[in-house]
Every structure is written in C-alpha cells, then in structure tokens.
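See structure below.
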Amino acid sequence: MSPDDLRTSPGEQLSFGGFVRPLELTDLPELQPILEHWVVDRDSKHPLPKEVAADLLQMRESIEVGNEFQYFTAVGPNNNVVGVIGMRTPPESKLLTLPFLETNNPVELVNAYVAPDQRGGKGVGRALVSTLEQTAIAQGYDQVVLSSGPRYKDTGWGFYDRLEGYRRVGIAVGLFGPGGDAQVWKKDLTK
Ligand SMILES: CC(C)(COP(=O)(O)OP(=O)(O)OC[C@H]1O[C@@H](n2cnc3c(N)ncnc32)[C@H](O)[C@@H]1OP(=O)(O)O)[C@@H](O)C(=O)NCCC(=O)NCCS
C-alpha cells in the first residue's frame, strides 16, 4: 500500500474541515508544542521533555528507519498540523500486560494527541482513529487495543468511551509504574 492510499481526500470534507495523511518529517516541529502541552506529569502537571523527545524520535524513526510504528497526521483547513495518532503490532512484552485480547492479530493504538484549541468535538480525533482503523483492516489486523494511563483520565478516556465499537475490557495494573494503572479498550474490526 502506498502512502497516498492512506490519505483522506482534502475534498472529502471531514467534519473538522481538514484531512488525515501519513506523518511527514516536516510535521514534527508543529507536533512538538502539541505533545509538550499534553505530555506532563499526571500529578504536578510539570512538563516531561524527555518523554516528548522520545515520542518525537519514535515518530521520526517511523519514517527514517522504518521502526514498528506507523503514524498519521491530521491537517487543518489552513494546512496546519492539528493532531497525530500512531499504531503498531504490540510487542510480546506488552501483550503479557494486556491479557484481554481475543485474537492473534491485534493492532495497538498509541500517541493520540490533538491541539488543545482543536479538540473536544470538532472531529479531529474521530478522523484520526477512522484512518487508523481503515489502515489496520487493509493490513489484515482484526482488533484494535489501547491502554491509557491515569494521566489522560479526564482528557482522553471519555473520547474512547464515545467511539463506536470500543469497549473497556480491563485494567492493566501498574502499566505506567506505581499508581499508573491503565484502562484498556478494544474494538473488534471484523464486525
Ligand atoms: C483524546 C483526543 C485525541 C480526542 O480527539 P478530539 O479531536 O478531541 O475528538 P473528537 O472531536 O473527534 O471527539 C469525538 C467525540 O468524543 C467527545 N470527546 C472528546 N474528548 C472527550 C473527553 N475527554 N471526554 C468526553 N468526551 C470527549 C467529543 O465531544 C465528541 O463527541 P460527539 O460524539 O458528541 O461528537 C483529544 O481530545 C486529545 O488530544 N486529548 C488530550 C490528550 C489525550 O488525552 N490523549 C489520549 C491519550 S491515550
């Protein structure tokens, strides 16, 4: 599948007025402040620059090296970068912490972030997840799984609860360290 096959048409008019396409290296400077806004300590809300840098490197390497991740960028009507989402085949070590899977071929949703002034009902997140799901189905995956830590309880969990087909299936205890129990959702892509 070519990158163009994964691109929604700008003419398709997604509800936020933009489109979703595979991540490009030139998106990274615009994604940095979005990550810096959301990737903060869950208690103190202090910035976590090392975690942001690691996420940006992971995104960069998905293009430059071809690591296990695939990322998609939401682009607004002014060609501005407004969000990102990623996916990968979960590694064996991660599967052990997620004993909720019913298939051998899940894809893991990771790193969903939308610009603070573009989130919460404009449809950016929904468009990103839709592209991820369509890509996953085309690549033969049959289930989406995601785990979200307490850091995102107020800003992210309600979103997944609203999405079609996503069910809370359990808690991954300590996935994000002491006190960092993660809520896990999954969606069957075969229905
Ligand atoms: C979670 C996130 C990616 C969703 O993207 P978004 O652009 O806000 O989502 P959408 O606008 O497509 O919202 C889809 C629906 O979910 C609702 N929604 C979005 N975030 C919500 C939340 N935190 N709680 C309850 N509902 C939420 C929207 O109002 C909308 O409702 P509708 O069905 O009535 O239209 C985005 O809000 C975000 O970046 N949050 C901060 C970072 C974060 O928590 N990331 C998740 C990490 S696991």
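Because only heavy atoms are used, hydrogens play no part in the values below, and waters and symmetry mates are left out as well, while side chains stay in. Since the structure is predicted, the reported quantities are computational estimates derived from the model, not experimental observations. Note that ligands are numbered from 1 as they come in the structure, with each ligand's atoms numbered from 1 the same way.
Of all protein heavy atoms, the one closest to atom 45 (N) of ligand 1 is A112 O, 2.8 Å. Nearest non-hydrogen protein atom to atom 5 (O) of ligand 1 is G125 CA, 3.3 Å. From the protein, the heavy atom lying nearest to atom 35 (O) of ligand 1 is R126 NH2, 3.7 Å. F159 N, 3.6 Å is the protein heavy atom nearest to atom 22 (C) of ligand 1. Here the heavy atom of the protein found nearest to atom 24 (N) of ligand 1 is G158 CA, 3.4 Å. At the top of the distance list for atom 39 (O) of ligand 1, counting protein heavy atoms only, stands V114 N, 2.8 Å. The shortest contact between atom 8 (O) of ligand 1 and any protein heavy atom is with G120 N, 2.6 Å. Of the protein's non-hydrogen atoms, R162 CD, 3.4 Å is the one closest to atom 16 (O) of ligand 1.
Neither the backbone nor the side chain of W185 comes within contact range of ligand 1; no heavy atom lies under 4.0 Å.
Below 4.0 Å from some heavy atom of G156 lie the following atoms of ligand 1, by number and element: 1 (C), 23 (N), 44 (O). Atoms of ligand 1 found under 4.0 Å from any heavy atom of Y113 (numbered from 1 in listed order, with element): 39 (O), 42 (C). Remark: ligand 1 atoms within the under-4.0 Å shell around heavy atoms of Y160 are 46 (C), 48 (S). Those atoms of ligand 1 that come under 4.0 Å of a heavy atom in G123, given as number and element, are 10 (P), 11 (O), 12 (O).
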In a table with atom names and distances, give each donor-acceptor pair under 3.5 Å that connects a side chain of residues 75-83 to protein atoms at least two apart or in another chain.
unit_1 : atom_1 : unit_2 : atom_2 : d
N80    : OD1    : N78    : N      : 3.4

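Listed for the R60 side chain is no donor-acceptor partner under 3.5 Å among the backbone atoms of V65. Judged purely by atom type and a 3.5 angstrom limit, N105 has no side-chain atom pairing as donor or acceptor with the backbone of D142. Side-chain atoms of R168 never come within 3.5 Å of backbone atoms of Q183 as a donor-acceptor pair (strictly under, hydrogens ignored). Under the 3.5 Å distance criterion, the side-chain polar atoms of D55 are left unmatched by any main-chain donor or acceptor of V52.
No hydrogens or angles considered: a donor-acceptor pair under 3.5 Å links the side chains of D27 and T73. Between the side chains of W157 and S148, a donor-acceptor pair is found at a separation under 3.5 Å. Counting only N and O atoms by type, the side chains of N111 and Y71 include a donor and acceptor under 3.5 Å apart. A donor atom on one side chain and an acceptor atom on the other are found under 3.5 Å apart for S130 and Q134. Donor-acceptor pairing under 3.5 Å is recorded for the side chains of Y141 and T89.
Below 3.5 Å of separation, one finds an N or O of T155 facing an N or O of ligand 1. On a distance-only criterion, R119 and ligand 1 share at least one N/O pair closer than 3.5 Å. Between S148 and ligand 1, not a single N/O pair is under 3.5 Å apart. Checked by distance only, ligand 1 and W157 stay at 3.5 Å or farther apart across all their nitrogen or oxygen atoms.
Distances from ligand 1 to the non-hydrogen atoms of D154 include at least one value under 4.0 Å. Ligand 1 lies nowhere less than 4.0 angstrom from a heavy atom belonging to F16.
Legend: residues meeting side-chain hydrogen bond (donor to acceptor under 3.5 Å, both in side chains) with Y160, ordered by chain and number and at least two apart, are absent.
Residues Y113 and L35 have side chains in contact (heavy-atom distance under 4.5 Å, counting atoms from C-beta outward).
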